[in-house]
Asker: 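Quick one: the structure is below, questions incoming.
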2 protein chains.
Amino acid sequence: MKVTLHEVAARAGVSIASVSRALNGEIASARTIELVTRAAAELGYIPDQRARSLKLGATRQLTFAVADVGNPVYVQMLRAVEDAVRESGYRVLISSTRSSVEAEIELLQSLLRRHSDGLVISPLRVTEDFLTALDRLTIPAVVIGRLPDDHPYDIVRTDSAAGVDLAIDHLIGSGRRTIGFLNGPTDTTPGSIRGQAFAAALARTELPAAEEHRATAADFTFADGLTAATELLDRAPGLDAVLAANDLLAAAVLHAAHRHGLRVPEDLAVIGMDDSELASQLMPTLTSVSLGSAERGRRAAELLLARIADPSLPAQQVIIPPELIIRDSAPS
Amino acid sequence: MKVTLHEVAARAGVSIASVSRALNGEIASARTIELVTRAAAELGYIPDQRARSLKLGATRQLTFAVADVGNPVYVQMLRAVEDAVRESGYRVLISSTRSSVEAEIELLQSLLRRHSDGLVISPLRVTEDFLTALDRLTIPAVVIGRLPDDHPYDIVRTDSAAGVDLAIDHLIGSGRRTIGFLNGPTDTTPGSIRGQAFAAALARTELPAAEEHRATAADFTFADGLTAATELLDRAPGLDAVLAANDLLAAAVLHAAHRHGLRVPEDLAVIGMDDSELASQLMPTLTSVSLGSAERGRRAAELLLARIADPSLPAQQVIIPPELIIRDSAPS
DNA sequence: CTGAAAGCGCTTACAG
DNA sequence: CTGAAAGCGCTTACAG
């Protein structure tokens, strides 16, 4: 038997308007508050979110869209988002888009149904269709990543090119001379940026920058990384270091190296990117470029809350600097 | 500028009732359908989920509550739940309860606000308060795990005791004689069951079953596992195998073994439980007891959908048998 | 087949 | 301070 405002009002002997006011801290007499509070408690009244939301125009739900729940980098982001948002009484809806633009666009369309008050999205591929769908959105969105300049969204991103530089400098500094790169798909934002950054970093040095020192995995996953890493080590036996575009790909390099009889870090130094929890779980522990995933999550959530509070705010761009976390796979 | 039924009705020159019927495939003339469909398309009309939900009593949202988004076992469960539910047009809301009973109870209470039509929950600790909150729920819930017998919920669980047996038999079969156990907190359901199963399994054999061969991590995490595993190997240097209560703890054993100068599997065989994605990412790859997490997720989602469709269904209990997945950390 | 009306459960001007 | 009423955007008996 459902208990609504009416039941509480009847029990308290007041109108439903008074119940609503008393419960929401609006103006009400002490006596009303007393009666209503007791009646509500006795009946175990809980306001219906949907009705409230319909009336108020806000759902108190935020959506956080990630490309792949299996990628550990999102774990920290998600926790940070939840923490930043908890105080404000929002619930966080996680949506896993499976690295598919279609799924992302579908999500954006479903958001038009107004089940969320805001969106934090970390798109892997920024296509025209994606941008169109994003522009159609009727709720605020914060993008973790990059967007063409003419799209006025709040953006939180890292400087992964600088991150690549940190990694390369570290490898060179520790005496490595033939550095390979295992990238993810280059039609993704991170794949494209990191790939270019790697080429640029090598170009600044005297080091060999052969095409066969680079490989591209079909996706940013361990399984695809394993295939590509095996190929890479087959093809370029002279490598003494490999930078991988994320930690899952780096884990794959560790495995491929082992199969090729290479010791890490003695024969081959390996560096990942993301500094996810996986980095310390691997063996040897993984030197990784932290791209501030927790920080990005936190800042994105804050920007979103700020924009929900005041939609007229100018769009902001926050850049989180990368940091090299040195562990055993590529020591000093 | 918001477009509602009224705008579509005005443009199509019909009543809002007709718009609703035409759009929902209710009875309507071909001409009305034609007019309405076009008007809706031209205006980019998207029905408001909240209003629909309020009227219909259903939100088309399901909640999936996991203890820790950082635990890779939930990745497969989540994917399976999403897949099983996709066809039915439900959105899956992931809630991360951070291994805290309080957070779980808070979640159950928030569910009373009716933002979800159903819940799949995998509780770590089944306390009285938890059960009370579960019983108060006004929407169907499916539990992944165990519950006292007198609670008539749909349950999907594995037989982790049988899983422990598989692991022990495998270790004995491959010549191990001094088997340690790294458990998670024993006040959790899995911790308690797996701990007892380990004791029982050893009791059936001739093997030594000393108290100092067992250790308990403060939580089912890598970090807590590392502390406990290090202690265990310090205290019991004679072990030739360790079974860990999940894959994260097993990863910790791998690290602790390395620090103790033990080779895996030569000096120490290691087996995990869950057969999560982490198992093949570790090095050596981890032999692990699959507890059918994807299957549990899928079955739980199916039970939930069935119960939403027909709340009068008798409560079911589904048991997924475990399976040993042999990899390098404990080969045949 | 169609429209006017009621109602899902709330919140909030508006009178009093 | 309080209550009656309107309305958020839908769906669906009920007449016609």
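Numbers restart at 1 for each chain; the letters A, B, ... are given by sequence-line order, proteins then strands.
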Asker: Give me each pair satisfying salt bridge (Lys or Arg N to Asp or Glu O under 4.0 Å) with a member in residues 70-79 of chain B, each pair once, sequence neighbours excluded.
Answerer: A:D68-B:R79, B:R79-B:E277
Asker: Heavy atoms of chain B, cut-off under 4.0 Å: which first and last nucleotide of DNA chain C, 5' to 3', fall inside that, if you could look?
Answerer: C:dC1 to C:dG9
Asker: Using side-chain hydrogen bond (donor to acceptor under 3.5 Å, both in side chains) as the criterion, list what pairs up with B:R11, not counting sequence neighbours.
Answerer: B:E42
Asker: Would you tabulate the side-chain donor-acceptor contacts of residues 128-148 of chain B under 3.5 Å, counting partners in other chains and residues two or more places apart, or write 'none'?
Answerer:
from: B:T132; atom 1: OG1; to: B:E128; atom 2: O; distance (Å): 2.8
from: B:D135; atom 1: OD1; to: B:Y153; atom 2: OH; distance (Å): 2.6
from: B:T138; atom 1: OG1; to: B:R114; atom 2: NH2; distance (Å): 3.4

Asker: For B:E34, check salt bridge (charged side-chain N to carboxylate O under 4.0 Å, His left out) against everything at least two apart and list the hits.
Answerer: B:R38
Asker: Which residue pairs pass the salt bridge (Lys or Arg N to Asp or Glu O under 4.0 Å) test when at least one of the two sits in residues 80-97 of chain A, sequence neighbours left out?
Answerer: A:E82-B:R98, A:D83-A:R86, A:D83-B:R98
Asker: Among residues at least two apart in sequence or on other chains, which ones pass salt bridge (charged side-chain N to carboxylate O under 4.0 Å, His left out) with B:R296?
Answerer: none
Asker: Determine, step by step, whether A:S312 and A:D310 satisfy the side chain to side chain donor-acceptor pair (under 3.5 Å) criterion, reporting the C-alpha distance in whole Å, the side-chain angles of both residues, the deciding distance to 0.1 Å, and the verdict.
Answerer: CA-CA 5 Å; A:S312 71; A:D310 178 4; 2.6 Å; yes
Asker: Would you say A:T59's side chain and A:D117's backbone share a donor-acceptor pair under 3.5 angstrom?
Answerer: yes
Asker: Stem list for DNA chain D, please, built from Watson-Crick and G-U wobble pairs under 3.5 Å and keeping only runs of at least 3.
Answerer: C:1-3 with D:14-16, C:5-12 with D:5-12, C:14-16 with D:1-3
Asker: So A:S100 and A:T97, side chain to side chain donor-acceptor pair (under 3.5 Å) or not? Walk me through it.
Answerer: CA-CA 6 Å; A:S100 129; A:T97 56; over 6 Å; no
Asker: Looking at every strand, decide which applies to A:S20 at a 4.0 Å heavy-atom threshold: base, sugar-phosphate, or nothing.
Answerer: base
Asker: Where along residues 42-59 of chain B does a heavy atom fall under 4.0 Å from DNA chain C?
Answerer: B:L54, B:K55
Asker: Taking the side chain as C-beta and beyond, is there a heavy-atom pair between B:F64 and B:V66 under 4.5 Å?
Answerer: yes
Asker: With rounding to the closest Å, how many angstrom separate the C1' atoms on D:dT12 and D:dG16?
Answerer: 16 Å
Asker: How would you list, by chain and number, every residue that makes a salt bridge (charged side-chain N to carboxylate O under 4.0 Å, His left out) with A:R125, sequence neighbours excluded?
Answerer: A:D187
Asker: Test side chain to side chain contact (heavy atoms under 4.5 Å, CB included) on B:T63 and B:L107 and set out the steps.
Answerer: CA-CA 10 Å; B:T63 296; B:L107 166 71; 4.2 Å; yes
Asker: Specify the residues of residues 9-18 of chain A, ordered by number, for which at least one heavy atom lies under 4.0 angstrom from an atom of DNA chain C.
Answerer: A:I16, A:A17
Asker: Please, which pairs that meet salt bridge (Lys or Arg N to Asp or Glu O under 4.0 Å) have at least one residue in residues 44-67 of chain B, sequence neighbours excluded?
Answerer: B:D48-B:R50
